[in-house]
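Order of the sequence lines fixes the chain letters, A, B, ..., with proteins taken first and strands second; residue numbering starts at 1 for each chain. Atom set for the values below is all heavy atoms of this structure, side chains included, hydrogens, waters and symmetry mates excluded.
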Amino acid sequence: MKTNTIQVIEKKWQETWERVGLYMADITSAKKPFYNLMMFPYPSAEGLHVGNMYAFTGSDIYGRFKRAQGYDVFEPIGLDGFGIHSENYCIKIGRHPMEHARITEKNFYAQLRKIGAMYDWSKTVETYKPKYYKHTQWLFIQLFKRGLAYRANAEVNWCPSCKTVLADEQVIDGACERCGGFIEKKALTQWFFRITAYADRLDAHLSSLYWSDKVKIAQKNWIGKKEGIDIVYDVVTEEGEKVGFITCFTTRPETNFGATFIAIAPNHEFITQIIRVIKNKKIVSAIKKYISGVKDSSIYETLINRIKMKKEKTGVFTCLYGINPLSGRKMPVYVSDFVLSGVGTGAVVGVPGHDRRDFEFAQVFELPVIRVVSDGVNRDDILTKDDVYEDAGIMMNSSFLDGMTTDAAKIRIINYLESQGFGKKRVVYHLRDWLISRQRYWGPPIPMIYCRSCAEKGKSYFTSKKSYKDEIFFKDFDILASSMKGWYPVEDSDLPVELPYLEDFQPGNDGVPPLKKHASFYQTICPECQSEAIRETEVSDTFLDSAWYFLRYPSVGSSREHEVAFDPEITQRWFPVSMYTGGAEHSVLHLMYSRFITMALHDMGYLSVDEPFANFFAHGLVIKDGAKMSKSKGNVVNPDEYITLYGSDALRLYLMFMGPYSEGGDFRDSAMEGMSRWVQRVWNITIRVKENNYSVTDNQILRALHRLVKKVGEDIERRRYNTAIAAMMDFVNILTNRELKISIQDMCVFLQLLAPFAPHMTEELYQRLQDRDMIMDSSQSIHAQQWPTYREELLVDSLISIVIQVNGKVRDSITVSPENGNNQAIVEEQAKRREKVLRYLKDASVRKIVFVPRKLINFVL
RNA sequence: GCCGGGAUGGCGGAAUUGGUAGACGCGCAGGACUUAAAAUCCUGUGACCUCACCAGUCGUGUGGGUUCGAGUCCCACUCUCGGCACCA
């Protein structure tokens, strides 16, 4: 089979399959729907790379297998065209994003058609098209109406290079996920999604999802549910005059008898109060100086760098004291930047004996260290950082807690503090609300309108007649109404708010969104009072586009396509997604956001499911020359040239053979050639099988074939494609090593097993064995045939080998019938006659014989 | 620092419940066919010892342990790859 023959055959079948509609699922009446979803790509300017193809192929093999098992498989594809990544690239090469998106889509889809996946090309989704983002905007509005989308002033991550804010999740080691530049912290008013309202459910559902533990653990850590207590400490001056109180959150309240200081974040609200109270001007100016110093340095110095540099802790004493209600101790209050304002209450109570950070701080300010937990043996004073004991143990120096375990003491002290009114139990999460707005151009405009006139009157959507107060998920309606003064969603009938074609789409240094420079875009009328109003000019995060695309696919092309984001009836049939395949790098971001959106839509009554993905499978990464493929390393492999040279069948097989699908593998050209040779061998053998035209298959080959049917089916199910392919190679070796006695019918069975991996060549060969060179309708395709079954009785060999061990070491083996293999007396008798065994047995007595039926016999001397 | 993977020939990787370690492929070596080469096919290929494809010794990151028997189970450690990170 020459290279051009491969090209011709692959193209022929790709066109034929599409013509006969082989891969179009019956969306409205499928009896056994199977939604086989692949994470849709975010195409880069270079187009499809071999890592994408690896991901898609693994998903496609599974889909084809499920189809052969009789499911109505729906396997859609699309792309995410919006986002900073594309926009930055456009700025660099001086092309408009709208034009770039069209070019990318064309190229990308052309490449995708060549990989031989069973995509339903009648149902693609592209996020940047108005007919899609119309519904993205609708979704935003639904969240807003229920109080799940809100505006707030917060300290946010600002990327000076991308000139936009980023969500916490998009900041990696204090740097921008996209451009790698350092992140600054800025206080800005931004749009947020109240994902924290779902934190508990997002956490609780995890245990019942059929996802890999690895991904579930990553999500659990990110949600970071922790139970603790807010303890209120009275604050007094040196002279003992009470001036206020500070609330500290802690997860280790049982250690509170060992608390010796309090530290608050530099931007803690209590500071303004302190400054008023403190009479000593020197101290006030010291505090002010410290705070402004922290602000300056944090622009250039991320927290992460400070940890890495192991910088000494800093802080400033306020000359005020918190009173520990348990011990009565006067604990000095400090302002320190090691306390983060966004965490807990922004104030911590320092227990230097049992927290390393607290110990470091205590050392700098020479504060006392008290041991209140022992490991059961060691009760010595804590003098160095290595002595700090953070584990569970036995309480000491803690009054009524002494002698209790830390776990028991925790329950006891929480009850005590609550009953005395000193504190209140609280659950906290690491998860924060999702920062959704971006000061950029290339995204869906946030569909909101701000009316100054209404704002002045204290009016908003929430005070209007249209508001449905009962459906608000966020409990505190008053807070919502007062913080959203003047804001109204765009009327559904006015959607989409189209993104205009702007020549000056580049972001400004000032954080002013490009749309804000175009009055023709933002000038509008207030939907409530009809006076002049302005549109929101920020756009939404790309992650919002991809947080609901899977809901859209089945409804594409339906009669209600334009009217609704997704058709309820169709969605009912196809959800949840049966199998979701994608990269582990999306374990936290995309999967968490998608789950949140699904839950919210469920609660609004739009969806019956409240989890989108029943199964999620994380595939591995393709590496090249021992390194992750990346543009900067220059080791990115483009699949096009390999498809041209070897065909997509050989490339698919090779990619899946590199290693377990869950682990990824190392791409090497020489091994690729080996796979190409094997594909050629299969071709040649099949041609010979047809020429020979045997009617009966040799018994040995038949047994091997039935074992193969079992093996390949099981391996595909557990995504061990590499071993499935190895087993098929083994079978082909058996075929070549002996006279080719296999019937055409049985050869077709083999081709069916290979078909999910190499769809084109198996189709061509299958049709040739059927004496056809073309198919008239989809039912004739090899991919429409039922998956082969195996006969149990053919799986057992006529002879089995039994291992003979002496003292656990293999010395020999014998071949017996399966029946005799179960009979210890026969096996023992035969084994003892073996010369190699006799050599060890003759001078010693056998103490014990271990017999494992059909496996081994072990003589212990 | 915390959480989660992983470590097997020259290389990628196999190995249900502990039961013949190294399947399958790459590479390498030798051979057949050929004027020659390519392609194809056949044979061999963990290390050591050995005249030997007899027999034997060692061998799954390191050190211990459990067991008739450990790549697999337990304890301690080293290295490595991901994720999170002054989270109170």
Side-chain angles (χ1 to χ4, degrees), chain A residues 172-174 212-222 224 226 228 248-253 255 263 303-304 306-308 310-311 313 336-340 342-351 354-358 360-361 390 428-430 432 584-585 587-588 620-621 623 628 653-654 657-660 662-675 677-678 680-681 684 714 718 720 722-733 736-737 801-813 836 839 846-852 854-861:
Chain A
I172 310 295
D173 282 352
S212 70
D213 287 343
K214 205 175 170 175
V215 176
K216 291 207 273 190
I217 288 165
Q219 291 220 352
K220 207 167 186 63
N221 289 344
W222 188 261
K226 278 190 188 121
C248 297
F249 178 77
T250 176
T251 55
R252 304 265 334 250
T255 63
L303 287 174
I304 226 75
R306 275 185 281 166
I307 303 162
K308 278 185 187 154
K310 288 184 180 145
K311 247 183 145 177
K313 298 244 183 309
S336 173
D337 68 344
F338 96 89
V339 183
L340 305 176
V343 178
T345 58
V348 299
V349 54
V351 184
H354 304 284
D355 183 292
R356 282 161 175 270
R357 296 156 309 181
D358 293 352
E360 286 169 13
F361 189 84
E390 295 184 326
V428 296
Y429 301 91
H430 172 242
R432 311 293 174 73
E585 69 274 21
S587 299
V588 174
L621 282 177
I623 56 172
K628 215 175 186 169
L653 278 163
Y654 172 61
F657 187 60
M658 288 190 307
S662 56
E663 306 300 315
D666 200 342
F667 192 94
R668 278 155 58 229
D669 285 9
S670 61
M672 174 71 238
E673 278 167 27
M675 185 55 81
R677 284 203 291 271
W678 186 71
Q680 185 67 55
R681 271 178 77 194
N684 294 341
E714 286 171 357
R718 55 188 192 122
R720 300 292 287 218
N722 55 330
T723 52
I725 295 167
M728 287 191 278
M729 288 175 163
D730 210 12
F731 179 75
V732 169
N733 286 345
T736 20
N737 290 350
S801 147
I802 303 230
V803 165
I804 307 166
Q805 296 183 345
V806 178
N807 281 337
K809 287 194 174 181
V810 178
R811 295 300 173 187
D812 203 354
S813 69
K836 284 185 205 165
R839 195 183 305 165
V846 176
R847 278 198 297 133
K848 188 176 162 187
I849 295 173
V850 179
F851 177 66
V852 182
R854 291 177 180 230
K855 278 255 163 78
L856 64 83
I857 187 158
N858 185 12
F859 296 98
V860 185
L861 305 181

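- Atom C1' of B:rG12 sits at a distance of 16 Å from the matching atom of B:rC28, rounded to the whole Å.
- Checking B:rC24, B:rG27, B:rA55 against every side-chain atom of A:Phe657, the shortest atom distance belongs to B:rC24.
- Of the listed nucleotides (B:rG19, B:rC24, B:rC86), B:rG19 has the atom at the smallest distance from the side chain of A:Val850.
- Looking at heavy-atom distances under 4.0 Å, A:Leu856 makes contact with a base.
- Considering only side-chain N and O atoms, A:Lys848 lies under 4.0 angstrom from the phosphate OP1 or OP2 of B:rC68.
- The listed nucleotides are B:rA14, B:rC86, B:rC3; the one nearest the side chain of A:Asn221 is B:rC3.
- If you check every strand for non-hydrogen atoms under 4.0 Å, A:Ser670 touches sugar and phosphate atoms only.
- Between A:Arg720 and B:rA14 there is a side-chain N or O to OP1 or OP2 distance below 4.0 Å.
- Per the geometry, NZ belonging to A:Lys809 stands 18 Å off P belonging to B:rU67, to the nearest Å.
- Between A:Arg677 and the phosphate of B:rG27, there is a side-chain N or O to OP1/OP2 separation shorter than 4.0 Å.
- Residue contacts shown for A:Val349 are absent, as no nucleic acid heavy atom lies under 4.0 Å away.
- For A:Lys214 and B:rC81, the shortest distance from a side-chain N or O to OP1 or OP2 is not below 4.0 Å.
- Residue-level contact check: A:Arg847 touches neither bases nor backbone, having no heavy atom under 4.0 Å from any strand.
- Base contact: A:Val343 has a heavy atom under 4.0 Å from a base atom.
- For A:Arg681 and B:rC41, the shortest distance from a side-chain N or O to OP1 or OP2 is below 4.0 Å.
- An OP1 or OP2 oxygen of B:rA88 is reached within less than 4.0 angstrom by no side-chain nitrogen or oxygen of A:His354.
- Contact check for A:Arg252 versus A:Asp355: no side-chain heavy atoms found under the 4.5 Å cut-off.
- Among the nucleotides B:rA14, B:rA88, B:rC84, the one closest to any side-chain atom of A:Thr251 is B:rA88.
- B:rA36 and B:rG46: their P atoms are spaced 32 Å apart (whole Å).
- One can place CE of A:Met672 at 17 Å from C1' of B:rG27, the figure rounded to the nearest angstrom.
- Between A:Lys226 and the phosphate of B:rA88, there is a side-chain N or O to OP1/OP2 separation shorter than 4.0 Å.
- Checking B:rA85, B:rG69, B:rA21 against the side-chain heavy atoms of A:Asn858 singles out B:rG69 as nearest.
- The residue from A:Ile804, A:Val803, A:Val810 that alone fulfils the side chain to side chain contact (heavy atoms under 4.5 Å, CB included) condition with A:Leu856 is A:Val803.
- Looking at the side chain of A:Val852, the nearest of the listed nucleotides B:rU20, B:rC26, B:rG19 is B:rG19.
- Close to B:rU20, at under 4.0 Å from its OP1 or OP2, lies no side-chain N or O of A:Lys855.
- To the nearest 0.5 Å, atom CZ of residue A:Arg677 and atom CE of residue A:Met672 are 11.0 Å apart.
- As judged by a 4.0 angstrom heavy-atom cut-off over every strand, A:Arg839 is placed among residues touching the sugar-phosphate backbone only.
- Set against B:rA21, B:rA23, B:rG12, the side chain of A:Ala726 has B:rA23 as its closest nucleotide.
- Here the nucleotide nearest the side chain of A:Asn733, chosen from B:rA88, B:rG25, B:rG5, is B:rG25.
- Remark: A:Asn722 is in phosphate contact with B:rA14, judged by side-chain N or O atoms under 4.0 Å from OP1 or OP2.
- Across all strands shown, A:Lys220 has no heavy atoms under 4.0 Å from either base or sugar-phosphate atoms.
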>> A:Arg681 vs A:Asn733, test: side chain to side chain donor-acceptor pair (under 3.5 Å). Steps then yes/no.
In response: CA-CA 10 Å; A:Arg681 271 178 77 194; A:Asn733 286 345; 3.1 Å; yes
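- The residue A:Gly674 sits close only to the backbone: its heavy atoms come under 4.0 Å of sugar-phosphate atoms, none of a base.
- In the interface, the side chain of A:Glu663 is not paired with the base of B:rG5 through any donor and acceptor atom under 3.5 Å apart.
- Here B:rG12 is the nucleotide among B:rA85, B:rG12, B:rU20 with the atom lying nearest to any side-chain atom of A:Arg668.
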